[in-house]
Amino acid sequence: MRRPALAAALAVLLALPAAALGQGVSAPHRATAILHSVLVAPALIDYEGTKIISTRRGDRVETVTVLEAHKRPNRTRLEFLSPDSLVGRLVVDNGVEAWHYEPSLHTAFQGPTLTRPGRAADQLRGLLAAYGVALMGTEEVIGRPTFVLALDAKTGGSRRLMWIDQATGVPLRVEERRGGETIYATYFTRISFSLNLPEALFRFRAPAGARIFSLFASEEEGMTLEQVQRAVGFRVRTPAALPPGIRFDRANVVRYGPVAAADLRYTDGAAPISVFQVPARRVAGQEWAPAGEIVTSIGVSVRVIELGYFRVLTWEESGLRLTVVGAQPRRVLLALAAQFFRR
Amino acid sequence: MHHRVERQLSAYLDRELTPDEEEAVRRHLEECAPCREELARLQHLQSVLAGLPARPLPETFWPDLRRELHRRAAPAPVPWFSAWRTRPAMALAAAAVVVLLLLVPLIRGQIDRLRAAEFGLDLFVREHAITAAADPLVDSAYLGLLVTDANLRIVGARREAVER
């Protein structure tokens with residue numbers, strides 16, 4: 001390694017979880033130290049491997065194979081290998097913007113990065129506020145020793161299990177479970193660390209003749225509610241109160257062509273909840289109409305659509321289409337939605 | 001979906017859509033009475049046009065046409081810009097053709113953008129998935145899969161359509 005300071009920092013940070021497992025360190029502290037190693041790993045570790053994603057797609061379970069390469073601090077390349085409908089799909093994220101190339105449509109989509117660099121200490125604080133963290137033990141995954149961490153959402157209903165490589169802090173296997181059902185599971189079937197991955201791997205060049213869609217819909221983040229109202233041109237609804245454990249994060253505008261939607265973002269400390277509002281006449285949402293089910297338990301008809309990891313709640317009210325999207329339990333999202341009726 | 005299908009009906013009738021787009025239009029038609037009526041109107045128009053009798057040209061048509069073209073070509077050449085004065089309708093038509101030829105790529109690009117510009121719930125899901133990247137523990141490859149699938153739906157395609 002040519003950077004001795006970085007090497008020293010790496011050695012110290014990676015030694016943290018191992019040291020934390022030693023005698024005299026309490027179990028919660030050990031779990032917290034291991035979680036911290038996961039949060040700092042992307043900035044310190046390069047890797048390349050083959051990952052399997054298993055998730056629900058409609059009424060069936062789909063298995064996806066993807067080549068994943070990561071270059072510190074925040075560059076990612078994903079090449080999808082299977083199933084047939086995904087072969088050749090490419091995602092190149094350079095930490096500033098993400099490109100998605102769809103070979104069969106000969107089309108490239110340019111959009112915002114999917115990497116959000118944040119301070120590990122802040123992220124750790126948020127996670128500890130949202131989850132109960134427990135060290136379940138150690139196991140081997142693809143021949144490498146791992147710590148097994150369980151993160152149980154304090155809002156209830158979901159559990160994340162992570163098999164974390166003891167040497168690097170990289171999760172080698174992740175499972176998200178809700179109500180006993182696995183929403184998605186990912187695991188590496190092989191992985192290589194400390195590679196000097198070429199920069200060119202993380203630069204996207206659109207193939208000749210490819211159509212390009214530029215999809216930067218979200219405007220500048222962190223606007224005040226007044227700024228959002230001015231930008232969208234209608235009165236944005238706000239919740240009367242927030243359910244326990246949910247707090248307001250930021251307001252934003254999503255603009256697409258001539259149409260602007262308000263995007264109020266909430267968080268449970270770890271995962272976001274988005275509440276979009278747009279004049280109902282501007283939404284081409286009929287194709288969703290047969291999907292999901294109608295829930296009336298909060299006094300108004302809300303369509304609830306389960307999308308695997310995310311669930312969507314959508315309804316019309318006073319000429320507005322309100323849409324809540326989040327990964328939280330249905331009752332949490334319904335409780336938030338109910339607060340928007342009370343104004 | 002309704003507005004998108006409305007624009008695709010003519011192409012649907014002419015079998016110019018991809019199999020997946022065709023299937024999507026077919027499914028929409030099962031549920032949308034106004035679109036079925038519009039399709040019926042287009043089908044009627046097509047059948048009326050197809051039903052017009054083919055009338056044979058008189059044998060003298062082509063020789064007469066060539067003779068007429070030669071006769072018109074005979075006069076002394078006039079500056080091209082004088083066509084605006086001597087044949088204003090033809091000049092305008094020619095100008096319109098040129099403008100149309102220039103605009104076709106722009107219009108086509110605009111149509112692509114229009115297809116992408118329908119403000120549907122897929123866009124909300126995509127925007128939320130991008131926001132969810134702030135969750136430090138969510139799997140980036142899984143998130144990439146969700147966002148890229150949403151990209152396809154936003155431009156009116158679905159993953160099954162691109163299956164080989």
Practice prompt. Mind telling me whether B/His128 and A/Phe310 have parallel, tilted or perpendicular rings, with 30° and 60° as the class edges?
Written response: perpendicular

Worksheet entry | Side chain proximity check, B/Leu137 to A/Leu35, heavy atoms < 4.5 angstrom | yes

Worksheet entry | Side chain proximity check, B/Phe124 to A/Asp263, heavy atoms < 4.5 angstrom | no

Discussion item. Quick check on the interface: out of A/Gly326, A/Pro42, A/Pro171, who has the most heavy-atom pairs with chain B under 4.5 Å?
Written reply: A/Gly326

Fill in: Sub-4.5 Å side-chain heavy-atom contact between A/Glu68 and B/Ser140
yes

Practice prompt. With rounding to the nearest 0.5 Å, note down the distance linking CG in B/Asp149 to OG in A/Ser85.
Written response: 8.0 Å

Response to the item:
d(A/Thr186 OG1, B/Leu145 CG) to nearest 0.5 Å is 11.5 Å

Practice prompt. With side-chain contact (heavy atoms from CB on, under 4.5 Å) as the test, would you mind laying out the steps for B/Asn151 and A/Phe213 before giving the verdict?
Written response: CA-CA 9 Å; B/Asn151 283 346; A/Phe213 281 102; over 6 Å; no

Worksheet item: Heavy-atom distance under 4.5 Å to chain B: side chain of A/Glu79, backbone, both or neither?
Response: neither

Worksheet item: Hey, which of A/Glu102, A/His100, A/Arg89 is the one that makes side-chain hydrogen bond (donor to acceptor under 3.5 Å, both in side chains) with B/Thr148?
Response: A/Arg89

Fill in: Nearest non-hydrogen partners of A/Pro272 and B/Ala132, listed with the distance
CG-CA, 3.6 Å

Worksheet item: Is there a side-chain contact (heavy atoms from CB on, under 4.5 Å) between A/Phe276 and B/Leu123 once you walk through the steps?
Response: CA-CA 10 Å; A/Phe276 298 97; B/Leu123 184 69; over 6 Å; no

Fill in: Heavy-atom proximity to chain B below 4.5 Å, by part of A/Leu114
both

Worksheet item: Is it the side chain or the backbone of A/Val325 that comes within 4.5 Å of chain B heavy atoms, both, or neither?
Response: both

Discussion item. What I want to find out is whether A/Arg173 reaches B/Asp139 closely enough, with some N-O distance under 4.0 Å, to be called a salt bridge.
Written reply: no

Worksheet entry | Under 4.5 Å from a heavy atom of chain A, the part of B/Leu146 involved | side chain

Worksheet item: Within the distance-only criterion (no hydrogens, no angle test), does the side chain of B/Arg126 pair as donor or acceptor with the backbone N or O of A/Leu215 below 3.5 angstrom?
Response: yes

Item to complete: Answer with side chain, backbone, both or neither: which region of A/Tyr309 has an atom nearer than 4.5 Å to a non-hydrogen atom of chain B?
Response: both

Practice prompt. Would you check if A/Tyr184 and B/Val138 make a side-chain contact, meaning some heavy-atom pair closer than 4.5 Å?
Written response: yes

Worksheet item: Heavy-atom distance under 4.5 Å to chain B: side chain of A/Leu127, backbone, both or neither?
Response: side chain

Discussion item. At a heavy-atom distance under 4.5 Å, which candidate from A/Arg160, A/Met162, A/Arg321 has the highest pair count against chain B?
Written reply: A/Arg160

Worksheet item: About how many Å separate CD1 of B/Ile130 and OG1 of A/Thr113, when rounded to the nearest 0.5 Å?
Response: 9.5 Å

